[in-house]
Amino acid sequence: MAVRLCDVASLLRSGSWAAEPWTGQVIAAMETQLSNGPSCNNTSNGPNQMNSCSSPVESGGMEDSKTNLIVNYLPQNMTQEELKSLFGSIGEIESCKLVRDKITGQSLGYGFVNYVDPKDAEKAINTLNGLRLQTKTIKVSYARPSSASIRDANLYVSGLPKTMTQKELEQLFSQYGRIITSRILVDQVTGVSRGVGFIRFDRRIEAEEAIKGLNGQKPSGATEPITVKFANNPSQKTSQALLSQLYQSPNRRYPGPLAQQAQRFRLDNLLNMAYGVKSRFSPMAIDGVTSLGINIPGHAGTGWCIFVYNLAPDADESILWQMFGPFGAVTNVKVIRDFNTNKCKGFGFVTMTNYDEAAMAIASLNGYRLGDRVLQVSFKTNKTHKA
DNA sequence: TATAATT
């Protein structure tokens, strides 16, 4: 079995740069995805429609939409435009919204995409659910009609036996209603349970019943009672917590200054050898233009444009998202197609925000074997056509 | 003892 996502995530966070260790991990994770197709490894990943009361009358007069999707577990730094770009690669979008904190403007890590055509919504679930973007695995499912009854249905559970598994936690709570997600928090180093977790129910009344039934109770075999209460709203953080979050994530995937210097040095050398350019950390390069006014390949003003060559005729945008997404912020992908046949002409482009992430993607994916083809991946050059 | 799931 391939590398677990959390392994890749911790490697990315720890900033173990020197190409070899984590490049291999990212590729391994990517290959799992490419071979199996995106599939979510969160619990309850099916469409979270209301199963028991889907008639218009019983659900309060609202038909369940077949075009409107909720997208969860988005990378913290992903913008609404990037969300639109990703989902727009499937089909025409009626509307798209990234949900942000009203006060701080920070992304809350989820959003909504409403398609024009229900078939595109279905296709988006099939092709984008489980897609890995940076350190996250996104979840794509139908959005239910918004209503008060489905809000505030998230529970915080503490005092759990350290041996209790996520499955056992779900078994304990499932008697009170339909569980949307469950999670047990684990020590980042040892992977052992911290004895606390979350349960999100389909409806608030189910969560209320679970509190009544389980708060202060001992699970069978446990020596201590568990505490079950409504979870705090994550957006209601103290200003201090927000500041520390701003400082620590998501743009800090690197360790301290010394290690940064070291990895910059290694990266500079790697890039110099491979491409003859400096990283964005170099004093020589500011925003893609050196102090000598020389343009660096691939820099397009809004990001770094990457040329991907030798794609198959049936290649589509999702393959580019799947390949490049794990390396960092991707703002746009495009497969170039023949006007008449609509088949891929063998190449495409990917735009990435950060130079180092783009360079690492190129270094890792150039020469990558996709099916029976060996890809050529490089920064886009400004080749003028020759006579 | 705290994750980003209803605009």
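FYI, side chains are in, hydrogens and waters are out, and symmetry mates aren't considered; it's all heavy atoms of this structure. In the text below, chain A, chain B and the rest are named by the order of the sequence lines, each starting its count at 1.
The ring-ring contact (aromatic ring centres under 6.0 Å, His included) check on Phe307(A) picks up Phe347(A), Phe349(A), with sequence neighbours excluded. Evaluation of the side-chain contact (heavy atoms from CB on, under 4.5 Å) rule for Thr341(A) yields Asp338(A), Lys343(A) as partners, not counting sequence neighbours. Applying the salt bridge (Lys or Arg N to Asp or Glu O under 4.0 Å) criterion to Glu122(A), with sequence neighbours excluded, gives no partner residue. For Lys212(A), the salt bridge (Lys or Arg N to Asp or Glu O under 4.0 Å) partners two or more places apart in sequence, or in a different chain, are Glu209(A). Under the salt bridge (Lys or Arg N to Asp or Glu O under 4.0 Å) criterion, Arg151(A) pairs with no residue at all, not counting sequence neighbours. Take Glu224(A) and apply the salt bridge (Lys or Arg N to Asp or Glu O under 4.0 Å) test, not counting sequence neighbours, and it matches no residue.
Contacts between residues 110-117 of chain A and DNA chain B, defined by a heavy-atom separation below 4.0 Å, involve Tyr110(A), Phe112(A), listed by number. Contacts with DNA chain B (heavy atom under 4.0 Å) in residues 83-94 of chain A: none are found.
Judged by ring centres under 5.5 Å apart and planes tilted less than 30 degrees, Tyr156(A) stacks against the six-membered base ring of dA2(B).
Trp321(A) pairs with exactly one of Val350(A), Asp316(A), Val333(A) by the side chain to side chain contact (heavy atoms under 4.5 Å, CB included) rule, that one being Val333(A).
Residue contacts for Arg200(A): at a heavy-atom cut-off of 4.0 Å it reaches a base atom on one of the strands shown. The residue Leu74(A) sits apart from the nucleic acid: no heavy atom pair falls under 4.0 Å.
Proximity of Lys136(A) to the phosphate of dA4(B): a side-chain N or O atom is located under 4.0 Å from OP1 or OP2. The phosphate of dT7(B) (OP1 or OP2) has a side-chain N or O of Arg151(A) nearer than 4.0 angstrom.
Legend: side chain to side chain donor-acceptor pair (under 3.5 Å) pairs involving residues 80-94 of chain A, not counting sequence neighbours, sorted by first then second residue: Ser85(A)-Asn332(A), Glu94(A)-Asn114(A).
Look at NZ on Lys139(A): it is 13 Å from C1' on dA4(B), rounded to the nearest Å.
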